[in-house]
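We name chains A, B, ... by the order of the sequence lines, and we start the count at 1 in each one.
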2 protein chains.
Amino acid sequence: MTDGPVRQASLREHNLGLVLRQAANALRPPSRADIAAATSLTRATVSALVDDLIAGGLLTEVEPTPRAGAGRPAAGLVLSASGPAGLGLEINVDYLSACVVDLAGTVRHRDVRRADQRPGGPDQVLAEVAGLAADARAHAEREGLVLAGAALAVPGLVTPEGVVRLAPNLGWRDVDVPAAFDGLPVTVDNEANLAALGELHAGPGGPASFLYVSGEIGIGAGIVLHGTLFRGARGWSGELGHVAVRPDGPACRCGARGCLEQYAGQEAILRAAAATGTEDLRVRAESGELAVLGALAAAGEALGVAVAGVVNLLDVEAVVLGGVYAPLAPWLRPAVAAEIRSRVLTDAWSPVDVRPSVLGADAAVVGAAGSVVRTIRNHPARWLTRTVS
Amino acid sequence: MTDGPVRQASLREHNLGLVLRQAANALRPPSRADIAAATSLTRATVSALVDDLIAGGLLTEVEPTPRAGAGRPAAGLVLSASGPAGLGLEINVDYLSACVVDLAGTVRHRDVRRADQRPGGPDQVLAEVAGLAADARAHAEREGLVLAGAALAVPGLVTPEGVVRLAPNLGWRDVDVPAAFDGLPVTVDNEANLAALGELHAGPGGPASFLYVSGEIGIGAGIVLHGTLFRGARGWSGELGHVAVRPDGPACRCGARGCLEQYAGQEAILRAAAATGTEDLRVRAESGELAVLGALAAAGEALGVAVAGVVNLLDVEAVVLGGVYAPLAPWLRPAVAAEIRSRVLTDAWSPVDVRPSVLGADAAVVGAAGSVVRTIRNHPARWLTRTVS
C-alpha cells in the first residue's frame, strides 16, 4: 500500500541522493544549474534539495572560479568538510586504532596504540577502544565535524548483531561488542571485510572481483565478487588463514595443522627473520639482508599456494595485499605471483593482478570509517531526518 | 520505448509462465479454476492461456480424481509427457553419455558409452557425440517427444560461446563445439557447473549455498552461492582439482605439483587400490577389502583438506559429492567430514553437511538436459512462438 505522500517522500529521498552524488562525483564543483542539467530535475527542485543538503551540513557552497566572458559565475557545490563524519575503530592482536573520515572521504584524524591486546581480555580492550573513540570524537568536534556513527573492525567472526563469535588470535569467544558502547551507534564487522569494502570504494577503475588478503597476526580475507562483498552462507567467509598449506604442518592455534597462518602470519615471518616488527623487517629487506629476504620469500610462497587455490576456485581478477602485507608487498608479491603463474590453470590467458592495498596498512580502519560515510552518501535523507529530530 | 501491444505481449508471457508453474508445482493436478484462484487471474484468462499451453504441447489434461459430493469434478492439468524435452550430452575422459529429460523432469532415455576419449581427439569425439544425439533424438521421437535443444557438459573451461578453451585431461584446447553440430541448438558448459545447477533444481529444501564436487579423472567444482551458480569473474571458476594439497607433491598434468587430482582423481584412486574401475572399487570396498578401504580413505582425506579450505573461505552450507564420488560416498564421506570438522573454524556451531549428489553419478548429463527443460518452463512463450513459426 503506497499512497501519494509516501511516494512523494521516497521520491524526495531518491532525489536528495541524486543531487548529493552529483556534487560528490563531479570533476569540478557543479552549480545548481549544472546539477539540474545533469539530473533533468527542474532548477526549482534542485535549489530546494540543495538548500536542505546545505542546512543538514552535507553540502557547502564554494566561491566560483572566475571565468572569461560576461556574467557573474554561479557558486559551486562541494561535500561539506565540516558536516557528518564516520569513526572507524579497529581492534587487532597487536594494536588498536581509530580514524575519522569526512563526507568527502578525507582522513581527518588517525590514532594507533601499539600493544599486545591478548593479555587484557575483552573488557579491558573494549574500554580502551571506547577511550580512543572519545578522543576521536573530541578531535572531530574541534574540527567542526559531527560523528554520524562508528564501525569497529575485529580480527574474527562477527554476527550481524555485532557479537564476536570467535577471534582465535585474540582468544575471544562470544563477546557482545555493541553493549560495551553507549551513546555512539557502533556496527561491528570482520576487519578483512571492512578493508575489502574500503578497497572496493577507494576509487573507480578497480577490479569488480578480487580477493583482499589481510596479513596481520592472523590472516583474513574479504571476497568481493561482481562488485559485492560475499559474506558466506552464514556470515563466516574469508578464513584464508586456516586454509592448509601442508596438511601435516605445524600445529595452529585453531586446533588444526599446517594452516597458512603458521607460514605467512606476521609472527611466523618475524620469527623466521628474527625481526622485531614490520618496520624492522621492511628496513632490513630494503637493505638486502638475506635472512629477511628468505623469510619473506618463504612466506610469499606459502601465501601464493593458498591464494592460487582461491584463484583456481573463484577466478578473481585481482589479489590485493593488505595489512602488514601492504608495506611488505615489494618482497611478497614476486613469490605470490609466481605461485599463481604456475598453479592457476587459466593464468596464461586470464592473468591475475597481484598488488598492494590502495589504502595501505590502514585499509580496515579507513574502510570502517568509510562505511559510515557511505551510508550517509547513499541515504542522505536519513541523516537529514535525524538532524531535525 | 514500450507501447501498448508490447506490454500486452510481455504480460501474456509472464502469465503463461505463471500458469505453467502452477501446474508444475501443485501437489495434485490443478483445474483451471484452481489456477485462477491461486493466481488471481480471471477464469477466462486462465482458460485461454491453458488452451495455448495445451496446443503448444506443454500441458495435458488428465481425468479428474472422483470426489465425494455432487457435481462432476473438473479435469486436472499436468506437464505434458509428450511435449518438448531436453537433450543432455556429456563428454568425459572415459565415457560419453546422453540423456533425454521431459518437461516434468523425468529421465526418458539414457545412453552411456565407456571408452577412453583421449586418443580420438576432438573431431572423432564430437562426431561420436553427434551420433549419440541422433540416437537420442530418434528415441525421443518414438516416445512422442520433441527435442527443444541440447546442452553439452565437458570437463573443461568453456567460453560463453561454447568454445572449450582448455580441457587438460582430454588434451583439448580451443575447440569450437557448436560448429560441430548442425540443426540442433547446443549450449556447452563445464560439467561441474551443469551438475551443480541440476542439484540446485533437483528439489525443494536443498541448501542455497553449496560446493558441488565432481569426481572424475579430473576434479571440478560447481559453486552455488545464495541460490545462484557463481561462474567466476571471467567464467573460469571451480578448478578444485588444481588446488594444492601438498605444494611439493607429485607432478600434475597442468604443470604444477601436488594438485588435488593427483591424490583424489579417479585414476589416482584406482591406481592406489589396484582396481579396474569404479564398480570394481565399490564392490571390493563393500566386501571390506583393506587395500581398497585405505585407498578411499586417503583420497577422502586429500579431498577433505581441499574442501575444508573452500569451506573456510566461502562458508558454504553443504558439500555435495558427485561424479564417481557419488557411489563411493559411503567410504569418502567420513574422511571428508573429519577434515572439515578439524580444519573449519566455524564447524563447531555451523556444521557443514557432506552428502552424495541427489542425481548420483549422472548429475552432469541430467543437469544438462534439465537446463534445456528449465528454460522452457521459465519462458514458455518463447517455445510457443517457436512452434507456430
Side-chain angles (χ1 to χ4, degrees), chain A residues 156-157 165-166 168 207-211 221 223-226 230-248 252 254-260 301-302 304-306 308-318 339 341-350 352, chain B residues 156-157 165-166 168 207-211 221 223-226 230-248 252 254-260 301-302 304-306 308-318 339 341-350 352:
Chain A
L157 298 153
R165 199 78 174 77
L166 181 65
S209 296
F210 62 89
L211 181 76
I223 302 166
V224 174
L225 305 177
H226 300 320
F230 176 70
R231 292 180 173 276
R234 297 164 296 197
W236 316 129
S237 70
E239 289 302 324
L240 183 68
H242 301 283
V243 167
V245 173
R246 290 173 195 275
D248 43 10
C252 181
C254 76
R257 303 196 76 87
C259 298
L260 176 61
E301 191 184 315
V305 168
V310 178
V311 177
N312 264 319
L313 204 78
L314 294 182
D315 176 37
V316 289
E317 295 158 84
E339 292 297 326
R341 211 156 41 235
S342 74
R343 295 187 180 277
V344 173
L345 213 56
T346 57
D347 185 71
W349 71 85
S350 283
V352 173
Chain B
L157 299 153
R165 200 78 173 77
L166 181 67
S209 296
F210 62 88
L211 180 76
I223 302 167
V224 174
L225 305 176
H226 301 318
F230 176 70
R231 293 180 175 274
R234 297 165 294 197
W236 317 128
S237 70
E239 290 302 323
L240 184 68
H242 301 284
V243 167
V245 173
R246 293 172 193 275
D248 42 11
C252 181
C254 77
R257 303 195 76 87
C259 298
L260 176 61
E301 191 184 315
V305 168
V310 178
V311 177
N312 264 319
L313 203 81
L314 294 182
D315 176 37
V316 289
E317 296 158 83
E339 291 298 324
R341 211 155 43 235
S342 75
R343 295 187 180 277
V344 173
L345 213 56
T346 57
D347 185 71
W349 73 86
S350 284
V352 173

Is it the side chain or the backbone of B:V344 that comes within 4.5 Å of chain A heavy atoms, both, or neither?
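Neither part, no heavy atoms under 4.5 Å.
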What part of B:H242 gets within 4.5 angstrom of chain A, counting heavy atoms only: side chain, backbone, both, or neither?
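Contact with chain A: backbone and side chain both.
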Below 4.5 Å from any heavy atom of chain B, which atoms of A:L345 appear? Answer side chain, backbone, both or neither.
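Contact with chain B is through both the backbone and side chain of A:L345.
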Go through the atoms of A:S342 and report whether side chain, backbone, both or neither lie under 4.5 Å from a heavy atom of chain B.
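Contact with chain B is through the backbone of A:S342 alone.
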Option that, when pairs with chain B are counted at under 4.5 Å, heavy atom only, ranks first among [options]:
options                        : result
A:C254, A:A244, A:G238         : A:G238
A:T346, A:V305, A:V245, A:I223 : A:T346
A:G309, A:P207, A:A233, A:A256 : A:A233

Using a cut-off of under 4.5 Å for heavy-atom pairs, which of B:L260, B:V311, B:D248 has the most such pairs with chain A?
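Heavy-atom pairs under 4.5 Å are most numerous for B:D248.
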Go through B:G241, B:G255, B:S350 and name the one with the most non-hydrogen pairs under 4.5 angstrom from chain A.
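So the answer, after comparing B:G241, B:G255, B:S350, is B:S350.
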Is there a side-chain contact between A:R231 and B:D315 (heavy atoms, below 4.5 Å)?
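The answer is no; the side chains never approach within 4.5 Å.
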Using the side-chain contact (heavy atoms from CB on, under 4.5 Å) criterion, which residues pair with A:V243? Sequence neighbours excluded.
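A:V243 satisfies side-chain contact (heavy atoms from CB on, under 4.5 Å) with A:L240, A:A306 only.
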Least distance between heavy atoms, A:G232 atom then B:H226 atom:
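Here A:G232 and B:H226 meet closest at O-CE1, 3.6 Å.
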Test ring-ring contact (aromatic ring centres under 6.0 Å, His included) applied to B:F210 - qualifying residues, sequence neighbours left out:
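By the ring-ring contact (aromatic ring centres under 6.0 Å, His included) rule, B:F210 matches no residue at all.
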State the CG-CH2 distance between B:L157 and A:W349, to the nearest 0.5 angstrom.
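Between atom CG of B:L157 and atom CH2 of A:W349 there are 5.0 Å.
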Which value, rounded to the nearest 0.5 Å, describes the distance between A:L313 atom CG and B:F230 atom CZ?
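Reported to 0.5 Å precision, the distance equals 9.0 Å.
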Examine distances only and state if a side-chain atom of B:R343 and a backbone atom of A:R257 form a donor-acceptor pair shorter than 3.5 Å.
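Looks like yes, one N/O pair under 3.5 Å.
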Is it the case that the side chain of B:R234 and the backbone of A:V316 share a donor-acceptor pair, with hydrogens and angles ignored and the cut-off at 3.5 Å?
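Yes, because the side chain of B:R234 sits within donor-acceptor range (under 3.5 Å) of the backbone of A:V316.
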